[in-house]
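Written out below as structure tokens is the structure these notes cover.
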Amino acid sequence: MSETISDYKLPDSKGYFGNYGGSFVPPELQDVLDEITESYLAIRQDESFIQELAMLNRHFTGRPSPIFHAKNLSEKIGGADIYLKREDLNHTGAHKINHCLGEALLAKKMGKKKLIAETGAGQHGVALATAATIVGLECDIYMGVIDIKKEHPNVIRMKILGANVIPVDRGTQTLKDAVDAAFEAYLEDPVTQLYAIGSVVGPHPFPMMVRDFQKVVGIEAEQQFLEMTGKDPDNLVACVGGGSNAMGLFSAFLEKTDINIYGVEPAGKGFKDGEHAATLSFGKPGTLHGFHSYLLQDEAGEPLPVYSVASGLDYPGVGPQHSLLKDLGRVNYVTANDKEAIDAFFGLSRSDGIIPAIESAHAVAFAAKLAKKEGKGKTILVNLSGRGDKDIDFVIDTYGKEYGL
Amino acid sequence: MLENYISERLKKKDILLMTHIVMGYPNFDDSMAIVEQMVEAGVDLMELQIPFSEPMADGPVILGANQKALDRGARVERCFEFAEEAAARFDIPFLFMTYYNILFKYGVEKFAARMARIGIKGAIVPDLPPEEGKDYLAAMEREGLAPIHIFSPTTTDRRMAFLSSQTRGFVYCMARKGVTGKETSFSSDLGDYLARCRKMTELPLAVGFGVKDRSDVEFLKGKADIAVVGSQTIRLVDEEGIMAAGRFIKKLM
């Protein structure tokens, strides 16, 4: 392809990453989004905002998160050296806190009183409730009643943190209806509330904003890796659902074109419709939730059902910047299935004493394959986006026997 | 042209009535029966919604109807067939209401051409602002169709003027913020807002979001040209069956 990444503003003033992104929303919401964009562009240059966010990142979240050379895993595979960017060590246990703090601080500076969001498994909800508390905002989290029953510990966490968990009892009573309910509540009062989107998705400016807040991961990693090894990594690997952790790591390295970058999508149970959530691998361009991007959809444009063992990855869309990076060939989008992810979950736990989130285990699974192919002397940096504490009951109940438990 | 129809009609009535159905809800036969009753009851225009699972401007009532229609297999092709039959049978203008991905996937130009061919007069696509919809606007213009845009109480004067310049037929004014199907207070604030809409466009004004009884319609007389009834008929059909739609419309006029 003749066009390269440096030919693009990411994004342009209308929120486009090439053909993707934009703002496909009803007019009243556009007014609100324009206000958020304008505020964000001003506030992100404000020295007090920059300082405050840096302070929170350092003293509250525990940044910079270390890079760990997973020697045992690397030796077991017998190929390239695998390094892990330890986002699992962040306060609240995943990369999500990075953009939640950014959004919370932005809301505060904009004079908003409340953060509002939906949550499925509760990870985004917990991170947002945490960020709201430290910044001093109220927080309403919408959650389907089925998810509330399933994800009891996270519901309790959010409540202990002082958030209002609002049960959504209509429709599927899961994430999809929680999104609708949160969105409705937001439209009723966009003046005192800010809707905090949980990934690099949604209408402009969210894909840009969430990416900017996550970019700290890539910026740190570049420096740390250089200090550790004297070089850049040869390969980057991250899992992609909506794509926030991947965007965070990748965006610091996009213009270094000799680095190979891999985004790992969930192949679930297989490649049939409804069995996976590998949007970039099998989707076509479409418009959903206010932005244009690759989308898993049927012939008539209806979003398809999606599935992954990792609830943080099962989304039929994907961040618009990923769609551009795919078209440009700058990032290779590959897949790992449920089985491979669970293997990697136990594999990393037992080789290096790190229990990864099932989402992040998809990245580890692909990195292991890549390590074999790349061979000795090469390096792979994986974004270990979250820890697996949240997954242990599910994994034991569902897969324990196979792994001798 | 839709504007001519509306102005002719307004010579005989103080205010026109536009209703809304979700095609395929509760099923296609019932949808047609509801259209028939509404036309007989005297509605002047009708929105036919092509179901989409993520209708971001709609509240729980219409969203639920979308979902159930989809679960029963209502897809765009069948909706076109339904609309073609309705437009042939009934002598009022029909408009499509749907979300952008439906048009995008079908092909915006093909979509507009087929609308024109089967006699649909215009479309409301709430998640497609004019800035994002240049191809759509060009195709609608070419086919002589009316793209309808939406004003809300938070829309600035400048934005209203711009939206108006990109609209044909009439402007759809949301009576309040938020999604469809919630309470609206028909108050003096609404009167002021509609006066502002009137100032910013020469097109007829349709007012939706929360119209549910005769006094609401009465309130709008003189302030707007078209009263839009959406969620309330779906609620009634759910509670009292399809025959309730026609009775309800008759009571509004």
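Lettering of chains follows the sequences in order, A, B, ..., and the numbering in each one begins at 1. Just so you know, these numbers come straight off a predicted model, no measurement behind them.
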All heavy atoms of P51(B) vs all of E302(A), minimum pair found to be O-OE1, 4.2 Å
Decide if atom NZ of K109(A) counts as having more than 12 heavy atoms of other residues, nucleotides or ligands within a radius under 6.0 Å. yes
Rounding to 0.5 Å, atoms CD (E132(B)) and CD (Q30(A)) come to a distance of 8.0 Å
Closest non-hydrogen atoms of D180(A) and E54(B), given as atom of the first, atom of the second and distance, are OD1-OE1, 4.0 Å
With a 4.5 Å heavy-atom cut-off, do H149(B) and P27(A) have their side chains touching?
-> no
In terms of heavy-atom contacts, F183(A) and M56(B) come closest through CE2-O, 3.5 Å
| Under the 3.5 angstrom rule, does the side chain of N101(B) hit a backbone N or O of G286(A) as a donor-acceptor pair? | no
*Look at atom CD of E240(B) and say whether more than 12 heavy atoms of other residues, nucleotides or ligands are closer to it than 6.0 Å.*
yes
Assert top hit (heavy-atom pairs under 4.5 Å, partner chain B, pool A300(A), P203(A), G290(A)) equals A300(A)
Whatever's closer than 4.5 Å to a heavy atom in chain A on P55(B) counts as neither
Task: Check: E184(A) side chain, G59(B) main-chain N or O, donor-acceptor pair, under 3.5 Å - done: no
Margin query: Evaluate L288(A) against F52(B) for side-chain contact (heavy atoms from CB on, under 4.5 Å), listing each step before the verdict.
Written below: CA-CA 10 Å; L288(A) 183 71; F52(B) 185 59; 3.8 Å; yes
**Message:** Take a 6.0 Å sphere around NZ of K223(B) and say whether it holds more than 12 heavy atoms from other residues, nucleotides or ligands.
**Reply:** yes
Decide if atom CD of E131(B) counts as having more than 12 heavy atoms of other residues, nucleotides or ligands within a radius under 6.0 Å. yes
The interface call for Y16(A) against chain B, heavy-atom contacts under 4.5 Å, is side chain
Cut-off 4.5 Å, heavy atoms of chain A, and the answer for I50(B) is neither
Under a 4.5 Å heavy-atom criterion, the part of residues 195-203 of chain B in contact with chain A comprises none
Tell me, with the steps shown, if K105(B) and T287(A) meet side-chain contact (heavy atoms from CB on, under 4.5 Å). CA-CA 9 Å; K105(B) 194 70 185 164; T287(A) 304; over 6 Å; no
*asked:* Ring-plane angle category for Y100(B) and H292(A), please: parallel below 30°, perpendicular beyond 60°, tilted otherwise.
replied: tilted
